[in-house]
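Numbers restart at 1 for each chain; the letters A, B, ... are given by sequence-line order, proteins then strands.
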Number of protein chains: 2
Amino acid sequence: MTAARTGGRDGGRDGGRDGEEETYSIAELAREFDITTRAIRFYEDEGLLAPRRRGQTRIYAPRDRTRLKLILRGKRLGFSLQEIAEMVTMYDATPGETGQLELFLKRIAERRATLEQQREDIKVTLAELEAAEAAAKRRLRELRGAR
Amino acid sequence: MTAARTGGRDGGRDGGRDGEEETYSIAELAREFDITTRAIRFYEDEGLLAPRRRGQTRIYAPRDRTRLKLILRGKRLGFSLQEIAEMVTMYDATPGETGQLELFLKRIAERRATLEQQREDIKVTLAELEAAEAAAKRRLRELRGAR
DNA sequence: GTTGACGTTGACGTAAACGTTAATCATGAC
DNA sequence: GTCATGATTAACGTTTACGTCAACGTCAAC
């Protein structure tokens, strides 16, 4: 549970050279984000991640870790992996062509609409929850008051 | 698409009597909320809805319609039907026993934590989207500016 | 009386998102 | 060497949330 940020013998600096970059093993990321390695590999199969390899072994750079964070955030909001894939590629690949840019803007607008709907849904739901909570607390006091 | 609020010959008032209550057919609700009748029946199978019957036919009262709304709101927030079931029963069944009340309050607190996490996620995501949008618009102006 | 619109209950199919073995390989520690 | 640890691919299994027929009932309209 103590968030392994660099891992064992192989995680951190790769030798002391100047172009040092933090790296992570698949198990480290799995522990840090409390998911399984299976899930991480699955995201890769779906094109959401593309870590380097040393031989067969996957080596995750900070960029990969950031992408994984984005993926999990998308999941918490209930998006499908396909939708998340769109969003993720959105961030790091602003298109260069005019037509693509316009489509890009349209997609962004759609996402924003969804997110704003969710924001509204959350607002309403929180209000209802608080009402229910207040009612329950009242009831509790009643029960305790009546000895 | 013109939100059928009372339906054909059978939807509205049930005769003119005083205890009138708006009712809905399954198809009406399906149209109104843009889902399939299959989905609605599925929610019933899962214990999320329990409409009256006239013979075999399902008759939905305003309360059922409200529950359906709640279900769909839960879906938009990415909750599973099971989680939604919990929330829905939460609202209309404040428990009477002390122990249950305390568990109830715990559940509410959990939900609230989830919702607040989502709220935060949405905030961050919206900010990122807006950054991406601004970048795209800038790029568009560049392309158009260069004749 | 049959057509059409709408309703019903099965029951099998499917896409998404992993879980769960299984078999195998690489490596540092002893 | 071998043993434990952690990595790999491959492949089948599982759960959720419906979609998609199929076969049938019912009622108003023609």
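Atom CZ in B:F79 sits about 17 Å away from atom C1' in D:dA17, given to the nearest Å. One can place CZ of A:R31 at 13 Å from P of D:dT5, the figure rounded to the nearest angstrom. Atom CD1 in B:I35 sits roughly 11 Å away from atom C1' in D:dC18 (whole-Å rounding). Protein atom CD of B:E46 is 11 Å distant from nucleotide atom C1' of D:dT15, rounded to whole Å. Rounding to whole angstrom units, CZ of residue B:R52 and P of C:dG7 are separated by 15 Å. Put simply, CG on B:D34 is 13 Å from P on D:dC18, counting in whole angstrom units. Protein atom CG of B:L81 is 9 Å distant from nucleotide atom C1' of D:dC18, rounded to whole Å. Here D:dT8 presents its P atom at 12 Å from CG of A:D45, a figure rounded to the nearest Å.
Every residue meeting the salt bridge (charged side-chain N to carboxylate O under 4.0 Å, His left out) condition with A:E128, not counting sequence neighbours, appears here in chain and number order: B:R73. Every residue meeting the side chain to side chain contact (heavy atoms under 4.5 Å, CB included) condition with B:A30, not counting sequence neighbours, appears here in chain and number order: B:T37, B:I40. Listed by chain and number, the residues in a side chain to side chain contact (heavy atoms under 4.5 Å, CB included) with A:E116 are A:R112, A:R119, B:L126 (sequence neighbours excluded). Qualifying side chain to side chain contact (heavy atoms under 4.5 Å, CB included) partners for B:K123, counting only residues two or more places apart in sequence or in other chains: B:E120. For the salt bridge (charged side-chain N to carboxylate O under 4.0 Å, His left out) test, residues two or more places apart in sequence or in another chain that qualify with A:E102 are B:R144. Under the salt bridge (charged side-chain N to carboxylate O under 4.0 Å, His left out) criterion, B:D64 pairs with no residue at all, not counting sequence neighbours.
For D:dC18, the OP1/OP2 oxygens have a side-chain nitrogen or oxygen of B:K75 closer than 4.0 Å. Residue B:Y43 places no side-chain N or O under 4.0 Å from the OP1 or OP2 atom of D:dA17. The side chain of B:S25 places no N or O atom within less than 4.0 Å of a non-bridging phosphate oxygen (OP1 or OP2) of C:dC6.
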Between the protein and nucleotides 9-11 of chain D, list every N/O to N/O distance that falls short of 3.5 Å.
unit_1	atom_1	unit_2	atom_2	d
D:dT9	OP1	A:R53	NH1	3.0
D:dT9	OP1	A:R53	NH2	3.2
D:dT9	OP2	A:R58	NH1	2.9
D:dT9	OP2	A:R58	NH2	2.9

Checklist outcome for this item: Dot-bracket assigned to DNA chain D with the 3.5 Å Watson-Crick/G-U criterion, [ ] for crossing and | for other-strand pairs, is ||||||||||||||||||||||||||||||

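At the heavy-atom level, B:T37 lies nowhere under 4.0 Å from the strands shown.
In the set C:dG7, D:dG19, C:dA16, the nucleotide with an atom closest to the side chain of B:A27 is C:dG7. Closest contact between the side chain of A:I26 and the listed nucleotides C:dT8, D:dT8, D:dC18 involves D:dT8.
Put simply, the side chain of A:Q100 never gets that close to the backbone of A:E97: no donor and acceptor are under 3.5 Å apart. No donor-acceptor pair under 3.5 Å is formed between the side chain of B:E133 and the backbone N or O of A:I108.
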Less than 3.5 Å apart, which donor and acceptor atoms pair up between the side chains of residues 46-53 of chain B and the rest of the protein, not counting sequence neighbours?
unit_1	atom_1	unit_2	atom_2	d
B:R53	NH1	B:Q56	O	2.7
B:R53	NH2	B:E44	OE2	3.2

